[in-house]
Amino acid sequence: MKWVVRNADVAHEVDVENVPGGFEVMMDGEAVRVDVIRLDRAIASLRYVADGRSFSVSYQRGRGREWRLGVGVRDFDFEVLTPVEAVEADAAAASSGPSRLEAPIPGKVVKVHVAEGDEVEAGQPLVVLEAMKMENELTADQAGKVTAVHVEPGQTVDAGQALAELE
Amino acid sequence: MKWVVRNADVAHEVDVENVPGGFEVMMDGEAVRVDVIRLDRAIASLRYVADGRSFSVSYQRGRGREWRLGVGVRDFDFEVLTPVEAVEADAAAASSGPSRLEAPIPGKVVKVHVAEGDEVEAGQPLVVLEAMKMENELTADQAGKVTAVHVEPGQTVDAGQALAELE
Amino acid sequence: MKLLVANRGEIAVRIMRGCREMGIETIAVYSEVDRRAPHVLMADQAFPIGPAAAAESYLNMDRILGAAEVAGADLVHPGYGFLAENAEFAERVGHEGLIWVGPPPAAIRLMGSKTESRKLAVETGVPLIPGMVDPLESVEQLEAFVEEHGLPVLLKAVAGGGGKGMREVNDRSELAAAFDRARSEGGAYFGDDRVYVERLVTNARHIEVQVAADQHGNAVYIGERECSIQRRHQKVVEECPSPVVDADLRRRLGEAALAIVEGSGYQSVGTVEFLVDPEGGFYFLEMNTRLQVEHPVTEEVYGVDLVREMINLALGRELSLRQEDLVARGHAIECRVYAEDPLKNFAPSPGEITLLVRPNGPGIRVDSGVFQGSIVPLDYDPMVAKLVVTAPDRPAAVARLARALQEYQVRGIATTLTLFRALVEMEEFEKAEFHTGFLDELLASQRLAELHGVQDPEAEAAAVVAAACLATLEAGALADDPYAHAGGSHWWQEGVRQLHGRFPR
Amino acid sequence: MKLLVANRGEIAVRIMRGCREMGIETIAVYSEVDRRAPHVLMADQAFPIGPAAAAESYLNMDRILGAAEVAGADLVHPGYGFLAENAEFAERVGHEGLIWVGPPPAAIRLMGSKTESRKLAVETGVPLIPGMVDPLESVEQLEAFVEEHGLPVLLKAVAGGGGKGMREVNDRSELAAAFDRARSEGGAYFGDDRVYVERLVTNARHIEVQVAADQHGNAVYIGERECSIQRRHQKVVEECPSPVVDADLRRRLGEAALAIVEGSGYQSVGTVEFLVDPEGGFYFLEMNTRLQVEHPVTEEVYGVDLVREMINLALGRELSLRQEDLVARGHAIECRVYAEDPLKNFAPSPGEITLLVRPNGPGIRVDSGVFQGSIVPLDYDPMVAKLVVTAPDRPAAVARLARALQEYQVRGIATTLTLFRALVEMEEFEKAEFHTGFLDELLASQRLAELHGVQDPEAEAAAVVAAACLATLEAGALADDPYAHAGGSHWWQEGVRQLHGRFPR
């Protein structure tokens with residue numbers, strides 16, 4: 001199968017073919033034979049047949065095509081897409097709308113610093129969310145105008161819930 | 001549901017009823033309220049609602065109705081049967097045939113001490129089985145006559161495979 | 001004998017382990033979200049005491065004391081946090097005829113007040129950082145202090161601790177805002193919005209002394225701990241001994257600590273915290289009248305069992321330790337594993353732990369409050385475990401820590417292991433060249449990001465190949481493939497938008 | 001630098017951990033059944049070397065040396081067992097231009113021969129048990145020896161070790177059969193069916209001395225280990241220090257050990273084994289020219305890292321330890337967790353580990369060669385892990401061991417944990433009143449059975465209630481209930497006919 005494995009830093013085209021005792025992998029035009037053994041749903045062993053190099057890989061799928069892989073002490077976040085999906089994703093990204101502030105985690109709204117109509121600069125605090133005994137200041141990721149505020153102090157919110165809209 | 005929980009040492013009649021937040025258990029005529037939480041397929045937490053007594057129980061099912069439970073440092077092996085099964089099991093046990101020597105584990109037959117027709121005493125060595133670098137002497141569990149020998153030295157056997165018959 | 005642990009998480013487990021070894025039965029209390037928590041599973045008896053919110057469960061004295069009565073407890077151990085330094089609770093435990101495993105309420109009250117404890121330090125001749133002994137009445141007062149002593153200054157909630165309710169101010173324009181925030185946090189978390197100010201000593205190290213005192217007039221200090229690697233005044237890495245403390249400084253710190261112990265009538269194990277400036281001068285900060293989070297590094301290096309000692313002291317027994325016998329051997333380092341994502345400005349990362357592989361082998365100790373399958377609740381402190389490594393000397397301990405961090409795998413939640421893996425490779429860490437501001441400065445800079453992002457093409461290529469192969473396997477997997485993705489992963493819910501190796505600027 | 005570990009299981013993992021901490025890359029070799037084994041997962045490179053049978057894989061010098069060449073190894077560490085004490089392999093490693101992590105081949109050959117090593121002991125004035133220096137030529141010769149020295153006697157395969165190829169004879173009528181069995185085991189496992197005989201010293205303790213020597217003439221002894229709890233001459237529990245060795249005896253044992261080291265030209269870490277009779281007299285048994293299974297108890301009590309030391313010595317570095325610095329602190333106990341069922345006369349119990357919960361917290365170390373989901377193969381030594389506890393003194397260590405045994409849960413295979421749980425409650429164990437025959441006598445008697453079977457009505461009632469509730473849950477479970485039984489449990493395959501608490505008579 002053909003895959004596009006990418007994140008903001010890297011993008012690789014990988015062609016994977018099942019063969020007896022492992023996989024024949026073509027990565028960016030280079031061929032390698034590997035053996036991948038899944039030990040459970042979170043750990044796998046990757047071995048290069050040619051030189052015996054062995055890696056213990058922890059992995060986890062996120063939403064959609066997101067994967068987080070751990071190799072040794074390094075974590076890597078990738079999208080793993082089919083070529084078609086990759087093209088669609090790019091198209092979607094190009095036509096991104098106004099910015100929206102979402103709660104990164106469940107928590108309690110302690111303060112709301114802005115009101116509808118306010119002009120804000122990038123990095124300006126908008127909402128203070130309390131979780132795990134710490135106050136977390138959520139800031140504007142871009143300069144713009146506040147078109148809507150969906151929450152008020154004291155309110156509890158879920159992860160991903162919209163708090164405010166910018167444009 | 002009604003159960004007969006027993007082994008060679010004990011036998012209990014237990015009636016279990018699902019109730020909100022746990023179970024209503026009638027054991028040998030005594031009623032207790034317990035909460036049983038399964039953490040995974042091998043560990044559960046048992047709590048007595050009345051006095052808060054809490055036990056971490058590791059459990060595993062064997063073949064058929066066999067269970068092994070670990071409570072603290074003690075292991076218990078039980079059959080957990082429906083009343084009907086209990087009766088049937090007793091009937092079956094009553095009509096048990098001649099004794100048969102089975103391989104308790106997979107291994108390699110190193111020696112066969114007896115031949116068909118030999119008279120043996122209880123505890124007399126019949127077969128020496130090698131496994132995990134140790135020779136294990138399998139002995140007659142009763143006195144009697146060897147009616148059949150199914151294996152010869154050098155042969156590998158599976159767990160449960162018949163090695164010899166006594167009567 | 002029965003002991004009730006009025007706490008949760010790793011410290012409740014640690015205390016119960018100590019009790020089991022002493023033949024003492026254990027009683028757990030738990031909130032609704034902790035029904036499956038390890039401390040509940042380990043206890044001989046367990047009682048629910050209310051909903052998730054700490055105020056209604058682990059801070060609810062009536063419920064806890066009620067459980068103690070039903071269970072027939074003889075002792076109550078508060079652990080750290082929650083009610084550990086609450087003098088009223090200690091008193092109520094006594095009034096119920098139970099034994100409080102901790103110092104006398106009077107000592108808790110005395111040392112719990114920043115102002116009172118500072119007064120005691122003055123009386124006993126222990127040096128202090130310039131600061132106001134009384135709480136601030138107004139912003140004006142704060143500005144006046146800054147006028148006199150200059151910046152930076154530190155705002156501290158009177159009842160604060162553990163880095164909570166503390167604010168550093170470097171710019172006059174921030175004074176008012178910081179004052180408000182410190183007061184609101186103080187009020188929210190400690191029910192006391194009084195705040196006081198002190199001069200911030202820069203490039204200082206946080207070095208604390210472990211003490212133990214019995215009810216018969218015996219007291220010892222059990223070496224020091226270096227806790228300079230902090231994030232927002234919250235300890236992240238601790239070690240024993242301190243790389244900068246020599247025998248003479250150790251003795252002087254120890255004697256200053258024992259002066260505080262004597263002056264406060266302290267009985268139990270406890271910790272006296274100091275700031276040590278680059279010239280080796282030291283200043284009394286505060287005393288923690290409880291078992292400290294980082295007590296294991298002292299246990300490993302001095303070969304003592306502080307939980308056992310603490311319980312014996314509460315039972316009125318004599319101190320089992322003599323000063324001359326307390327000799328350090330080897331070096332220990334503790335890393336606090338928090339459910340926070342260093343790649344997302346340390347955003348809390350609650351959720352289910354879908355994979356947990358612990359390091360093991362020589363010189364590794366993990367005190368943990370979770371297991372694979374645990375759900376880390378949003379309601380409490382985000383620390384899920386403590387990784388402690390011990391080796392014959394500091395370089396070997398650092399190497400062992402690096403090895404342990406390779407073995408330690410957690411999935412489902414983000415943790416500070418990611419931070420430690422970058423930290424352990426840094427020259428400053430290897431050379432122990434740090435101060436209390438070290439980590440915050442590092443996080444503000446791009447250096448850690450660059451370090452973490454260090455090109456590791458071999459690992460990256462392996463990750464890409466593995467990702468593609470695993471995606472292929474899943475694409476071909478049947479619905480009932482036991483290894484197929486289980487879904488509901490929480491790191492995603494945090495909204496993973498960050499890039500590989502990108503640290504908050 | 002790259003090191004190839006010519007071994008498997010916990011010791012391969014232990015060695016790789018040491019290498020990681022030293023910055024040395026690791027190379028694993030594995031047989032077909034070990035494709036998923038931990039030592040393979042931990043290595044930087046891994047090479048298959050053949051089918052399960054040891055003779056075709058872990059004992060296959062050509063394949064192992066071939067892997068070393070392909071991988072570009074610099075060093076080879078043999079661990080223990082397999083080729084660890086094979087002088088020919090050590091020589092071939094040298095001829096390939098690789099560094100052998102162990103003593104010189106000549107020393108292996110000398111000490112590997114019971115007869116040669118006994119001669120050396122005589123020369124160096126180290127006391128010996130009465131016995132024949134040369135192998136037995138016939139049963140007649142054996143009967144003659146018994147005639148002269150009496151019973152009981154011990155038959156030992158010349159190339160034997162680790163309790164393999166050893167037979168105790170208490171009755172003249174058994175002499176012939178025992179002679180045959182000892183020879184057949186010797187031939188089968190060591191390729192050498194020669195057997196010799198010695199007088200069996202009764203009520204003796206097995207006490208061994210850890211030594212280390214470099215290539216520059218420096219040598220030290222690192223205390224002793226008590227290994228008297230054995231089953232059929234196979235060590236089961238070891239501790240450090242020995243409860244019966246005082247400073248004087250320790251020095252005398254140490255000096256005797258160093259005499260053997262010097263006399264044999266030994267260079268590396270090693271172990272000199274002695275029998276100590278009830279009067280405190282000691283006799284040289286043999287020298288193990290390798291890293292010992294029970295090395296961790298010495299590491300814990302003396303604060304040393306024997307794997308690191310061993311590798312440094314192999315690299316020609318000077319001994320990092322000085323005799324005067326080696327001071328014992330605290331007490332450590334190791335239990336060998338075997339895949340054997342104490343409830344079924346220690347029948348081997350291979351199979352899949354369906355549940356593995358390891359103890360943790362203060363003073364606990366687990367060196368393990370398996371993880372949950374591992375399949376313990378039938379083809380190798382049944383030891384799956386080593387539980388090591390350390391505490392300030394022996395009583396605390398015993399209490400900690402009892403605690404650890406409560407936390408340690410293994411399902412899918414039967415293990416000797418069941419034995420240790422009974423043992424740790426015994427007065428003889430608490431008082432350390434045992435000798436090398438203690439465990440075998442205990443197993444032959446009914447005492448352990450009665451002890452294990454101690455009525456624990458509360459636990460039994462809980463087990464019955466839990467069984468009924470779990471059965472109810474499963475009866476009501478849907479087919480896709482993730483908690484529904486997975487089947488294929490191996491303890492059953494062993495044929496569970498035993499009763500609760502029944503030990504072999």
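Every chain is numbered from 1 and lettered A, B, ... according to where its sequence line falls, protein lines coming before strand lines. What you see below is based on every heavy atom in this structure, not just the backbone, and it leaves out hydrogens, waters and symmetry mates.
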**Report entry** Name of the residue among R336(C), H295(C), R225(C) meeting side-chain hydrogen bond (donor to acceptor under 3.5 Å, both in side chains) with E238(C)
**Finding:** R336(C)

Query raised in the report: With chain D, which of Q406(C), R365(C), R329(C) has the greatest number of heavy-atom pairs at distances under 4.5 Å?
Result: R329(C)

Query raised in the report: In terms of heavy-atom proximity below 4.5 Å to chain D, should P296(C) be classed as side chain, backbone, both, or neither?
Result: neither

**Report entry** R14(C) portion near chain D, given a 4.5 angstrom heavy-atom threshold
**Finding:** side chain

Query raised in the report: So, are E239(D) and R394(D) salt-bridged, with charged N and O less than 4.0 Å apart?
Result: yes

Query - Which of P362(D), A399(D), P359(D), G363(D) touches chain C most, by non-hydrogen pairs under 4.5 Å - result: P362(D)

**Report entry** chain D contact via V389(C) - which portion, at a heavy-atom distance below 4.5 Å
**Finding:** neither

Report task. With a 4.5 angstrom heavy-atom cut-off, could you sort out which part of M22(C) is near chain D: side chain, backbone, both or neither? Result -> neither

Report summary line: The reported gap from CD in Q323(C) to CG in L326(C) (rounded to nearest 0.5 angstrom) is 5.5 Å

Report summary line: Residues at least two apart in sequence or cross-chain that pass side-chain contact (heavy atoms from CB on, under 4.5 Å) with E25(D), listed by chain then number, are K2(D), D44(D)

Report task. Quick one: which of Q372(D), E10(D), E407(D) has the most heavy-atom pairs under 4.5 Å with chain C, could you say? Result -> E407(D)

**Report entry** Heavy-atom contact with chain D under 4.5 Å, split by part of V388(C)
**Finding:** neither

